[in-house]
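One structure below.
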Amino acid sequence: MGEDASLDQFVGGAGDEGDTSANDESDGETASAAKERPNEAADAKPTAEDDPTPATTTYAWTGEGAQCAACGEVVERRWEQDGVLVCTDCKEWDRS
C-alpha cells in the first residue's frame, strides 16, 4: 500500500479483527514504556536565547487624559516616541 492509509484501517466494525498495526508505536516501544521514560525536553534548563523579547508599548489611552511629554497638553491618546508618550501633534510620523 502507498503512503495514504484507508479509513478502513482505523475503523473496525463489530467482530472485525482488522489490522491493528496502525496503532503500534513505530519504534516498537510500548505505550507504558514511553510513559516511564523521562521527558528530556521538560528537564532542559532554559537559556537566554529561549527568552522571548518583551512587548513594548507604542500607544496609550487615558480616559481622563494625561500630559504630553513634549508640549504638556492634556490628551486622551499618546504615542511612544524616544521612550516617552507624546500627543498626535508632537509625534514624528514615519511616512516612508
Side-chain angles (χ1 to χ4, degrees):
M1 182 185 286
E3 290 181 13
D4 293 332
S6 169
L7 289 177
D8 295 335
Q9 290 180 313
F10 303 100
V11 179
D16 184 15
E17 296 298 317
D19 181 15
T20 60
S21 63
N23 294 330
D24 293 341
E25 303 250 350
S26 62
D27 63 358
E29 182 178 43
T30 64
S32 61
K35 289 179 184 176
E36 293 173 10
R37 186 180 67 237
N39 186 345
E40 295 169 8
D43 296 336
K45 303 286 186 228
T47 64
E49 295 172 357
D50 296 334
D51 292 341
T53 304
T56 56
T57 301
T58 58
Y59 171 81
W61 179 85
T62 309
E64 62 274 358
Q67 267 192 335
C68 168
C71 69
E73 182 180 348
V74 176
V75 294
E76 289 182 349
R77 297 178 184 176
R78 297 173 299 149
W79 299 88
E80 189 279 328
Q81 179 171 289
D82 299 327
V84 296
L85 294 171
V86 298
C87 68
T88 303
D89 293 335
C90 293
K91 171 75 174 146
E92 294 177 17
W93 299 99
D94 181 21
R95 301 189 190 264
S96 50

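Keep in mind it's a predicted model, so treat the numbers as computed, not measured. For the single chain, residues carry numbers from 1 onward in sequence order. Because only heavy atoms are used, hydrogens play no part in the values below, and waters and symmetry mates are left out as well, while side chains stay in.
- Using a 4.5 Å cut-off on side-chain heavy atoms (C-beta onward), Arg78 and Val86 make no contact.
- Between the CH2 atom of Trp61 and the CZ atom of Arg77 there is a distance of 9.0 Å, given to the nearest 0.5 Å.
- Rounded to the nearest 0.5 Å, atoms CG (Asp82) and NZ (Lys91) are 8.0 Å apart.
- Of all heavy-atom pairs between Cys68 and Cys90, the closest is SG-SG, 3.8 Å.
- Between the side chain of Glu64 and the main chain of Ala66, no donor-acceptor pair closer than 3.5 Å is present.
- The shortest non-hydrogen separation linking Gln81 to Glu92 is OE1-N, 2.6 Å.
- Ring pair Trp79/Tyr59 is tilted by interplanar angle, where 30° to 60° counts as tilted.
- At least one side-chain heavy atom of Gln67 sits under 4.5 Å from a side-chain heavy atom of Val74.
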